[in-house]
Each structure stands twice: as C-alpha cells, then as structure tokens.
Amino acid sequence: TMESLQQRDKLSALGQLAAGIAHEIKNPLTSMKGFIQIMKADRKYNEEYLKIMELELERLESISQELMCFAKPNKNQWKVCNLGAILEKSIALLEGDIFRKRIQVIFHRDEEPIPVFCDEQKIKQVFINLIKNAMEAMESQGKIIIKASKEKESAVITVTDTGCGIPEELMSRIGQPFFTTKENGNGLGLMMCNKIIAEHNGSISVRSKMGVGTTFAVTLPIFRDQG
Ligand code: ADP
Ligand code: MG
C-alpha cells in the first residue's frame, strides 16, 4: 500500500541520517583515542595533541548542538519581534570574528519595524549561521551586505557575500545533512536553518556565482495584528 511505502522511505531516510551521524561522531572519537594512546605510550604531556583533541571535542559539541534542534519537539517561544532588531543582535554577536577577519558588514534596514511572529532565539541562530557561512566563504577583507525589507505580506532578508561562490554542480547538495566542503565544517548549519525557517512558514533560497559571491534569501510572513 501507499502508507507502507512511505513508511519504508522514512525508515531509509532515518537510516541514512543515523549512518551519517555515526560516521561524523566516530571520526573525532577515533582521532582523540589515537592521541590519548600516543600520550600514554610517551608518558608525556603534549600541547599539540591536546590542542587537536580540543578541536575535535568542539566539533562533537557543535554536531550535538545542531542535532538537538531536530530532537527537541516544538518548544518554541513564539512572540512578535522586530526582524531588524534580531538581525542587529545577530551581527553584534559575531562582531569579534568580523573584526578579526577584517570583514566589512553593511546592514541596510527599513526605518519602520518588520514584525514577525517567531522564536527569536531560533531566528537569531539562522542569521548567525548564514553570516558565519558568508565569512567562511571569504578571505579577510571581504564584504557582507545584509538587507531587511518588507515586501507586501513578506519580510525578505538577504545575506550577500563577496566570497568564493558555490559551484553549480554542488548547488543541489547544499543543505543536505553532513554535506560540507570545509575541513572543520559539519554540514548541519543550512539543514538547521531550513528546518527553523520552515517551522516559521518561510523559505530560504540561494543564488551564487563562482568567484563573485553568494546570496542567501530568507522570506518570512509579516505579522498582521488581527485586532
Ligand atoms: P558547514 O558550514 O559546516 O560546511 P553548512 O550547512 O552551513 O555546513 O554549509 C554547507 C556547505 O554549503 C558549505 O560547506 C559550503 O560548501 C556551502 N556554503 C554555504 N554557504 C556558503 C556561502 N555563503 N558561500 C559559499 N559556499 C557556501
Ligand atoms: Mg555553516
């Protein structure tokens, strides 16, 4: 029957995700175990190995943090927020990295507030992820342009970078679990962004040109006071 087929698809999707997670967790664990064994055999403290182990632990931490967003059933804190203010807070949280990488961030926002009914923490997470990806796509001294505007019934936020761009042939894989082109990436960021934006009845799209840059656009419904 149709149901049993769908059930089978769901199970195979779950199986693929589980295999992906197991793989992503096994790598850093194997590496840390190796370094512990070397240090035990040498019977000495090794700063370098500890540094690598710390990075591996951070990687595990980030994987578990991002997967958490799929594990927890909707405990969203919904309220009406001004999207412009959320963006400002998101940018402020990344100020240190922006300064260190000498990246120029330009933020264009409407004068008037852009009200959306949302979970502020989650929407902040989405913007932080998009801005981090933009930063990671650039050498130092790149530029990030963030725009927030109201278009009829929707709020549209774009994050544009002057980074490396995404090759055409990889476009369809962007946002798939664990798809990453980065040495220290986990390939979960955009999947999480997609999930959060879908929960808010919005959508994310991407446009990119190799060597020129990339634009991610997030669309969210504007909150209308019924009263
Ligand atoms: P991660 O950042 O851990 O790799 P993401 O899900 O955030 O995982 O991104 C997946 C992949 O999409 C990245 O590894 C990169 O190849 C590509 N990508 C995302 N954003 C950008 C961007 N702004 N410019 C170029 N490539 C990007
Ligand atoms: Mg990312």
Side-chain angles (χ1 to χ4, degrees), residues 13 16-17 19-28 31 54-71 87 90-91 93-94 96-98 100-108 121-148 156-200 202-219:
Q16 273 172 29
L17 190 63
I21 295 169
H23 177 80
E24 293 305 310
I25 290 176
K26 191 164 187 290
N27 284 343
S31 134
E54 196 177 13
L55 283 173
E56 299 285 28
L57 281 171
E58 276 166 12
R59 188 193 190 86
L60 287 171
E61 204 175 20
S62 87
I63 291 173
S64 103
Q65 226 164 47
E66 281 181 294
L67 286 174
M68 204 78 92
C69 127
F70 290 85
L87 270 165
S90 311
I91 298 168
L93 282 167
L94 293 170
D97 294 338
I98 291 167
R100 266 190 298 280
K101 275 198 97 176
R102 296 162 192 274
I103 284 168
Q104 189 188 352
V105 175
I106 302 162
F107 180 29
H108 297 287
Q121 294 312 318
K122 292 201 170 173
I123 294 296
K124 222 192 283 171
Q125 253 182 303
V126 169
F127 293 139
I128 288 172
N129 260 284
L130 294 179
I131 299 168
K132 269 194 174 165
N133 276 346
M135 289 172 54
E136 286 162 1
M138 297 189 285
E139 304 295 321
S140 61
Q141 302 189 339
K143 208 193 300 185
I144 300 176
I145 301 150
I146 300 167
K147 283 187 190 152
V156 181
I157 305 94
T158 56
V159 178
T160 300
D161 64 60
T162 57
C164 57
I166 302 168
E168 186 73 48
E169 66 272 20
L170 295 185
M171 261 321 189
S172 63
R173 302 184 58 192
I174 300 296
Q176 281 178 6
F178 303 111
F179 174 75
T180 182
T181 55
K182 298 168 195 170
E183 187 143 6
N184 285 313
N186 63 30
L188 291 174
L190 285 174
M191 186 175 72
M192 188 203 62
C193 292
N194 265 325
K195 164 142 200 285
I196 293 172
I197 296 302
E199 278 173 4
H200 285 77
S203 62
I204 304 187
S205 62
V206 55
R207 197 158 20 97
S208 188
K209 200 164 178 198
M210 287 299 287
V212 178
T214 303
T215 297
F216 277 87
V218 175
T219 305

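Counting starts at 1 for both ligands and their atoms, in listed order. On a predicted model such as this, the values are computed, not experimentally measured, just so you know.
- If you look at the Mg ion (ligand 2), the protein N, O or S atoms less than 2.8 Å from it are Asn133 OD1.
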task: Evaluate side chain to side chain contact (heavy atoms under 4.5 Å, CB included) for Ile197 paired with Ile123, printing each intermediate quantity in order.
output: CA-CA 8 Å; Ile197 296 302; Ile123 294 296; 4.0 Å; yes
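- Distance check: Asn194 CG to Glu199 CD gives 11.5 Å after rounding to the nearest 0.5 Å.
- Ile146 places a side-chain heavy atom less than 4.5 Å from the side chain of Val105.
- Closest non-hydrogen pair, Gly189 versus Glu66, comes out as CA-OE2, 3.3 Å.
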Could you pull out every donor-acceptor pair under 3.5 Å between side chains of residues 161-172 and any protein atom, sequence neighbours left out?
residue : atom : partner : partner atom : Å
Asp161  : OD1  : Gly163  : N            : 2.8
Asp161  : OD1  : Thr214  : N            : 3.3
Thr162  : OG1  : Lys143  : N            : 3.0

Could you go through ligand 1 and note, for every N or O atom, any protein N or O atom closer than 3.5 angstrom, writing the atom names and distance to 0.1 Å, or 'none'?
residue  : atom   : partner : partner atom : Å
ligand 1 : 2 (O)  : Asn133  : OD1          : 3.0
ligand 1 : 2 (O)  : Lys182  : NZ           : 2.7
ligand 1 : 3 (O)  : Asn186  : N            : 2.8
ligand 1 : 3 (O)  : Gly187  : N            : 3.0
ligand 1 : 4 (O)  : Thr180  : OG1          : 2.5
ligand 1 : 6 (O)  : Gly189  : N            : 3.4
ligand 1 : 6 (O)  : Leu190  : N            : 2.9
ligand 1 : 7 (O)  : Asn133  : OD1          : 3.1
ligand 1 : 7 (O)  : Asn133  : ND2          : 2.8
ligand 1 : 8 (O)  : Gly187  : N            : 3.4
ligand 1 : 14 (O) : Thr180  : OG1          : 3.3
ligand 1 : 14 (O) : Thr181  : N            : 2.9
ligand 1 : 14 (O) : Thr181  : OG1          : 3.3
ligand 1 : 16 (O) : Thr181  : OG1          : 2.5
ligand 1 : 23 (N) : Asp161  : OD2          : 2.8

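- Residues passing the side-chain hydrogen bond (donor to acceptor under 3.5 Å, both in side chains) test with Thr180: none are found, sequence neighbours excluded.
- Summarising the geometry, atom CD1 belonging to Ile157 is positioned 9.5 Å from atom CG belonging to Leu130; distances are rounded to the nearest 0.5 Å.
- Around atom NZ of Lys124, more than 12 heavy atoms belonging to other residues, nucleotides or ligands sit under 6.0 Å away.
- Atom CD of Glu58 sits in a crowded spot, with more than 12 heavy atoms from other residues, nucleotides or ligands closer than 6.0 Å.
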